[in-house]
S.K.: 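The following block contains the structure, expressed as structure tokens.
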2 protein chains.
Amino acid sequence: MELTKRQKEVLEFIKKVQRASAQTPSLREIARHFGFGSMTAAADHVRALKRKGVLEGSPRRARSLKILSPWENLRRPVVDIPVYGEIPAGFADERQQEAKGCISVDVKSLGIGPTARTFALQVKGDSMIGKHILEGDYVILEQGSIPRSGDVVAALIDQESTLKTFVLQEGNPVLKAENPRYPTLVPVHELMIQGVMVGLIRKVE
Amino acid sequence: MELTKRQKEVLEFIKKVQRASAQTPSLREIARHFGFGSMTAAADHVRALKRKGVLEGSPRRARSLKILSPWENLRRPVVDIPVYGEIPAGFADERQQEAKGCISVDVKSLGIGPTARTFALQVKGDSMIGKHILEGDYVILEQGSIPRSGDVVAALIDQESTLKTFVLQEGNPVLKAENPRYPTLVPVHELMIQGVMVGLIRKVE
DNA sequence: CCATAACCTGTTCATTTGAACAGTTACACG
DNA sequence: CGTGTAACTGTTCAAATGAACAGGTTATGG
């Protein structure tokens with residue numbers, strides 16, 4: 001069944017509040033927002049929206065409305081990934097200070113767990129062009145995973161975080177730059193690897 | 001200040017419930033989950049978490065707890081971008097049905113406005129390898145912007161959405177595939193262009 | 001030894017909140 | 001003309017809920 005104009009407005013308001021505060025408005029708050037003299041008006045609309053299958057809520061439970069729109073149920077929880085300029089060795093838990101910014105992406109798109117230690121680096125230079133990683137790209141990395149041969153990793157070289165490809169060469173782990181102009185091969189010390197690439201975000205223009 | 005073990009457990013429980021039901025548990029629900037005989041125990045922990053700055057909540061408001069991620073102050077509003085398998089011509093406003101999924105990213109990372117008509121396509125094949133776009137990548141596009149020469153666009157060719165590079169060749173707009181194996185040049189009909197690429201999201205592995 | 005904090009029990013109280021009841025107005029439809 | 005439905009007003013009620021009060025135990029550090 002189609003939603004009426006008013007019902008769409010109410011639904012939009014609920015969505016808006018949920019995004020702004022991560023909380024559903026109460027019936028009285030809905031009524032106040034639309035200037036209703038009575039909260040029954042809001043309750044009527046919510047009941048209609050429930051009947052039409054776009055809202056869901058546990059009975060007698062405060063602020064329990066949940067949007068079931070075909071779009072909304074595709075949503076995944078969003079994680080905040082800190083973007084570092086460079087990563088000093090050690091990588092303590094509390095490093096908010098050094099964060100240059102923050103990227104928010106839904107978990108599913110990158111296939112990362114909310115508990116994982118995930119961070120991002122903005123790529124400088126074109127040393128990873130062979131892996132189709134460009135200057136300015138944000139590379140999402142996970143700390144602690146074990147790199148497989150061919151994985152892109154962030155490594156600490158000369159006090160600076162650099163992206164390299166992790167390769168097993170005749171059984172020995174080495175780091176390789178993905179650019180013919182920098183054919184550097186570096187032997188791996190365990191502690192140098194700060195994270196393994198799990199995703200990438202590129203902004204064009 | 002550091003969180004105690006118990007406080008971490010309570011925080012984890014709140015996170016878990018929020019992920020599962022998109023709703024904060026009430027104090028009594030927290031108490032019940034941990035087997036507390038009194039809800040004051042839960043209230044104490046919540047108060048401690050608030051004091052330590054990881055939780056926030058409006059007073060006297062039901063289920064209003066909100067987790068403050070350390071990067072909270074860096075967060076930007078998140079937009080939901082529908083992912084289409086293919087885009088039929090016309091591109092009506094209400095196309096949620098066709099959406100295959102949904103990507104949520106913060107506005108800032110991609111530099112897109114919340115009002116813009118943005119959508120995503122998952123790349124099939126390696127026809128855009130020359131622009132460092134790989135198979136499986138999600139390309140974020142904006143409908144309605146005017147492409148400049150060199151921009152990547154989604155075009156409708158043979159009833160299917162395809163990614164091409166938009167090029168002005170001797171003054172005439174043509175679409176070019178970025179792969180030597182497909183050197184196709186197609187003259188541009190205005191209506192064929194469905195969106196201009198503004199970003200890219202790649203999931204590794 | 002004493003202060004402090006974490007962690008808990010048990011209870012009461014004022015608000016918040018969803019739900020229900022009793023109506024009203026306007027409008028589309030047969 | 002009646003009938004139904006959307007969209008309201010105004011009010012009452014009981015359950016849900018956060019907050020506060022009055023303690024009790026244990027550990028930690030000065």
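By convention in this document, chain letters (A, B, ...) are assigned in the order of the sequence lines, proteins followed by strands, and residues within each chain are numbered from 1.
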S.K.: Distance check needed: C/dA5 P versus B/Glu2 CD, whole Å only.
M.R.: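 Computing the B/Glu2:CD to C/dA5:P distance gives 17 Å.
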S.K.: Could you check whether B/Lys52 and B/Gln7, counting side-chain N and O atoms only, form a donor-acceptor pair closer than 3.5 Å?
M.R.: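 On atom types as modelled, these side chains qualify, holding a pair under 3.5 Å.
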S.K.: B/Lys203 side chain to B/Tyr138 main-chain N or O, any donor-acceptor pair under 3.5 Å?
M.R.: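 No, B/Lys203 side chain to B/Tyr138 backbone: no donor-acceptor pair under 3.5 Å.
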S.K.: Under 4.0 Å from any atom of DNA chain D, heavy atoms only: list the residues of residues 48-60 of chain B that qualify, in numerical order.
M.R.: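 Heavy-atom contacts with DNA chain D come from B/Pro59, B/Arg60.
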S.K.: Which residues pass the side-chain hydrogen bond (donor to acceptor under 3.5 Å, both in side chains) test with A/Ser145, sequence neighbours left out?
M.R.: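 Counting only residues at least two positions away or on another chain, A/Ser145 forms no side-chain hydrogen bond (donor to acceptor under 3.5 Å, both in side chains).
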S.K.: Which parts of residues 26-43 of chain A get close to DNA chain C, meaning a heavy atom less than 4.0 angstrom away?
M.R.: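 Per residue number, the list reads A/Ser26, A/Leu27, A/Arg28, A/Met39, A/Thr40.
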S.K.: Which residue, A/Val152, A/Val123, A/Leu200, forms the side-chain contact (heavy atoms from CB on, under 4.5 Å) with A/Met128?
M.R.: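 Among the candidates, only A/Val152 passes.
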S.K.: Give a yes or no answer on whether the side chain of A/Glu178 reaches the backbone of A/Leu163 with a donor-acceptor pair at less than 3.5 Å.
M.R.: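 Looks like no, no N/O pair under 3.5 Å.
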S.K.: So, for B/Ala154 and B/Leu121, which heavy atoms are closest and what is the spacing to 0.1 Å?
M.R.: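 Reported closest heavy-atom pair: CB-CD1, 3.9 Å.
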S.K.: Measuring from B/Ile30:CD1 to B/Glu9:CD, what's the distance to the nearest 0.5 Å?
M.R.: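 Here the interatomic distance stands at 13.0 Å.
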S.K.: At what angle, to 10 degrees, do the two end axes of the helix from C/dC1-D/dG30 to C/dG30-D/dC1 meet, given five pairs define each axis?
M.R.: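 The angle separating the two end axes equals 30°.
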S.K.: CZ of B/Arg47 versus P of D/dA20: gap in Å, rounded?
M.R.: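 So the CZ-P distance, B/Arg47 to D/dA20, works out to 7 Å.
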S.K.: Would you give the length of the straight line joining atom NE2 of A/His45 to atom OG1 of A/Thr4, rounded to the nearest 0.5 angstrom?
M.R.: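 The NE2 atom of A/His45 sits 6.0 Å away from the OG1 atom of A/Thr4.
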S.K.: How long is the gap from CG on A/Asp44 to CG on A/Leu49, to the nearest 0.5 Å?
M.R.: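 Spacing of CG (A/Asp44) from CG (A/Leu49) equals 11.0 Å.
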S.K.: Where each residue is assigned the nucleotide of DNA chain C containing its nearest heavy atom, which of B/His45 and A/Ser64 is assigned the position nearer the 5′ end?
M.R.: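 Going by which nucleotide is closer to the 5' end, it is B/His45.
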S.K.: Using whole Å, report how far CZ of A/Arg63 lies from C1' of D/dT17.
M.R.: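 Going from A/Arg63 (CZ) to D/dT17 (C1'), I get 11 Å.
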S.K.: Check nucleotides 23-30 of chain D against the protein and report each pair of N or O atoms closer than 3.5 Å, with its distance, or say if there are none.
M.R.:
none

S.K.: Measure CD/A/Glu9 against P/D/dA6 and give the value in whole Å, please.
M.R.: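 Result: 16 Å.
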S.K.: I'd like to know if the side chain of B/Thr118 reaches the main chain of B/Ile81, judged simply by a donor and an acceptor atom lying under 3.5 Å from each other, with no hydrogens or angles considered.
M.R.: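 Checking the backbone N and O of B/Ile81 against the side chain of B/Thr118, no donor-acceptor pair under 3.5 Å is found.
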S.K.: Any luck finding a side-chain donor-acceptor pair between A/Gln23 and B/Ser64 under 3.5 Å?
M.R.: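 B/Ser64 and A/Gln23 do not have a side-chain donor-acceptor pair below 3.5 Å.
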S.K.: Listing request: all ring-ring contact (aromatic ring centres under 6.0 Å, His included) pairs with a residue in residues 3-22 of chain A, at least two apart in sequence or in separate chains.
M.R.: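 Found A/Phe13-A/His33, A/Phe13-A/Phe34.
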S.K.: Would a distance-only check, ignoring hydrogens and angles, find a side-chain to backbone donor-acceptor pair under 3.5 Å from A/Ser149 to A/Leu168?
M.R.: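 Such a contact is found between A/Ser149 side chain and A/Leu168 backbone.
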S.K.: What is the distance, to the nearest angstrom, from the CZ atom on B/Arg61 to the P atom on D/dA19?
M.R.: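 After rounding, the reported distance stands at 12 Å.
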